[in-house]
Colleague: 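Handing you a structure now.
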Amino acid sequence: MINYTEKIPNNVDLGRDRVLQRALEHWQPAYMGWWYDMGPNESHNYEVYLRTAISVEPDGWAQFDYVKMPEYRWGIFLQPRDEKREVNFGIHKGQPAWQEVPGEYRSTLRRVIVTQGDTEPASVEQQRMLGASCPSMYDLRNIFQVNVEEGRHLWAMVYLLHRYFGRDGREEAESLLARRSGDADNPRILGAFNEPTPDWLAFYMFTFFTDRDGKFQLCALAESGFDPLARTCRFMLTEEAHHMFVGETGVGRIIQRTCEVMKENKVEDPSDVRALGVIDLQTIQKYLNFHYSVTLDLYGSDVSSNAANYYTSGLKGRFRETKLEDDHVLADAVYPVSEVVGGKIITKNVPALTALNERLRDDYIDEIADGVGRWQRVIDNAGIPFRLTLPHKGFHREIGNFAGQCISPDGEVLSEEAWKSHESEWLPSSKDYTFVQSLMSGRVVELGKFANWIAPPPRGINNQPLNFEYVRFN
Ligand SMILES: [Fe+2]
Ligand SMILES: [Fe+2]
């Protein structure tokens, strides 16, 4: 069980380590200052029907109750230790998993933890204004749940920095509260986390696409030979599943509502669809193209010696590393990557160690394709002849082999001029954003009511009815 009687709830016996406890108690007010400034706007007095982790066991970690978000029990929860766990890949394979940071990997490991940690507060910042345009109380509650858990993920990474990295770690923990999403002078570390999330379609796309990048990064870190990182990430993954649920069902409900309105009114032309106050499928496709492509960049360069080093040294594994059947060293293995040569996309084999970013990206793409297939079924079931597609991997990329190339969603290599002439068909234009935001000009919070542009979910949260009071505004 998690000890909630302490100032910082934890299952790491924090009370036994006075120095660490004091360091974290010093960071806590700074964190609260950040939450008050950058957490969900005007929400501090709301009572929200939230789940809180009460135990890290699979059956006991979600307790639902009304909580004011600043009083949420943020804390430090690690999956219990497996005494027999080993380093499962790379040159240290077979050694006992490390309980302390190996000196030679200290700065690399710190960088990995800081990069992951930076994404957590970033998404809260990106989403902070959306409460004012929520489509229902149910959805408002869901975004707040995502936000408090991202806050807890920041705690999880800060614990590792404080506990294992001394003064450098404490400084990094302060910097995590100082950077701001989209700030010109002190932005968040990764590109997608500096993009605005201006409306609820963007929010659902973000939680479907970008939180899923989070899942894959956490899965790779959950394989780490550095055991405290692995155990921390395992517990974070249990929370991440809800974020992706919010995204997938959110987009699915928007598609469903659009299809209903198209059928009822027998319209197909996007402007007729828009006139009925729902989001046309073409615009949904453009949002998909945008969020997919900026998220693919998060995996980094297709060929990367850093990725090889992380793996070889046992710091970051592959997706489901221990379930894979090979030597877990990859000294002789190869992996295919694509690049543009002479105006054509070609695929060639490179040493698998250097292609680990690309491999994780491909694992991610497989899962994304399944989700997009589920959205497609909503359209098919309505009998509407429209296909949602995942654009080519090289479309609209800024990092890796496709950076600087002009690739169409179909995977055609184009001139810059030709690409630009189609850009507004492929990516949301300012007009598209203006339209989507025009549907979301105010919040819908009457009990059981949903905005016109989104279908209600089939069921409420924690078996509550849809007209449950998920948020008390006070
Ligand atoms: Fe997270
Ligand atoms: Fe998340």
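Quantities reported herein were computed from a predicted structural model and do not represent experimental measurements. For ligands, and for the atoms within them, numbers begin at 1 and follow the listed sequence.
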Colleague: Is a side-chain donor-acceptor pair under 3.5 Å present for Y364 with R212?
Modeller: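 No - no donor-acceptor pair under 3.5 Å links their side chains.
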Colleague: Tell me which pairs pass side-chain hydrogen bond (donor to acceptor under 3.5 Å, both in side chains) where either residue lies in residues 171-180, with sequence neighbours left out.
Modeller: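 Every side-chain hydrogen bond (donor to acceptor under 3.5 Å, both in side chains) pair that includes a residue of residues 171-180, provided the two are not neighbours, is D118-R179.
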Colleague: We want to know whether Y66 and E469 form a side-chain donor-acceptor pair, criterion being a heavy-atom distance below 3.5 angstrom.
Modeller: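 Per modelled atom types, Y66 and E469 side chains form no pair under 3.5 Å.
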Colleague: Identify which one of N147, N142, D211 satisfies the side chain to side chain contact (heavy atoms under 4.5 Å, CB included) criterion when paired with H243.
Modeller: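 When side chain to side chain contact (heavy atoms under 4.5 Å, CB included) is applied between H243 and each of N147, N142, D211, only D211 qualifies.
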Colleague: Does the Lys NZ or Arg CZ of R141 fall within the cation-pi geometry relative to F64 - under 6.0 Å from the ring centre and within 45° of the axis?
Modeller: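 That pair does not qualify as a cation-pi contact.
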Colleague: Is the NE2 atom of H26 crowded by more than 12 outside heavy atoms at less than 6.0 Å?
Modeller: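 No, NE2 of H26 has 12 or fewer neighbouring heavy atoms, counting only those of other groups under 6.0 Å.
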Colleague: Under 2.8 Å from the Fe ion (ligand 1), which protein N/O/S atoms are there?
Modeller: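 E120 OE1, E150 OE1, H153 ND1, with waters left out.
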